[in-house]
Amino acid sequence: MALLLTVGGGLTGTWICLFLVACGIGGIFPATMSLGQSLGRESSGSASALLGGAQFLFGALASPLVGAFGTGSAMPMAAIMLGILVCSAVCLVLLVRPRQKQDGATGRHT
């Protein structure tokens with residue numbers, strides 16, 4: 001969003017921002033799928049279905065939100081992407097970090 005504000009909301013600025021996001025997602029999605037599959041190894045088909053379905057669900061929810069906030073610029077898309085990033089960071093801190101501390105205290109390796 002900051003990059004979009006600094007380089008402008010034109011086509012070039014939007015494509016630069018989308019390229020950077022796509023590069024990041026290209027590294028994160030395979031790792032996420034691998035971690036999800038390792039946690040659900042007893043029922044790998046269900047874990048795969050939940051991960052894939054969650055991706056489609058969040059994409060289906062984000063698309064109308066972007067359109068509802070306007071189609072004249074890329075700012076609604078940037079705002080929704082920033083909001084999802086903040087939600088992800090909050091989930092990391094509140095859900096994942098306590099579990100890692102708990103597993104470290106008991107000596108379990110997952």
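- To the nearest 0.5 Å, atom OG of residue Ser63 and atom CZ of residue Phe58 are 13.0 Å apart.
- Under a hydrophobic clustering in which Ile, Leu, Val, Met, Phe, Trp and Tyr are joined whenever their side-chain heavy atoms come within less than 4.5 Å, directly or via other members, Leu18 and Val66 fall into the same cluster.
- Its side chain within the 4.5 Å cluster rule, Met33 clusters with Leu51 among the Ile, Leu, Val, Met, Phe, Trp and Tyr residues.
- Distance check, rounded to the nearest 0.5 Å: CE of Met75 to CG of Leu82 gives 9.0 Å.
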Donor-acceptor pairs under 3.5 Å, side chain of residues 20-30 to any protein atom, not counting sequence neighbours: which ones?
none

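- Cluster annotation: Leu65 is connected to Ile84 through the hydrophobic network of ILVMFWY side chains, with a link wherever side-chain heavy atoms come within less than 4.5 Å.
- In the hydrophobic clustering of this structure, Met77 groups with Phe69; members are Ile, Leu, Val, Met, Phe, Trp, Tyr whose side-chain heavy atoms approach within less than 4.5 Å, directly or through other members.
- Of all non-hydrogen atoms in Pro76 and Gly70, the two that sit nearest each other are CG-O, 3.6 Å.
- Grouping Ile, Leu, Val, Met, Phe, Trp and Tyr residues whose side-chain heavy atoms lie under 4.5 Å apart, directly or via other members, leaves Leu50 alone, with no other cluster members.
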What do the steps show when you test Arg41 against Ser44 for side chain to side chain contact (heavy atoms under 4.5 Å, CB included), and what is the final call?
-> CA-CA 5 Å; Arg41 67 181 77 117; Ser44 58; 5.9 Å; no
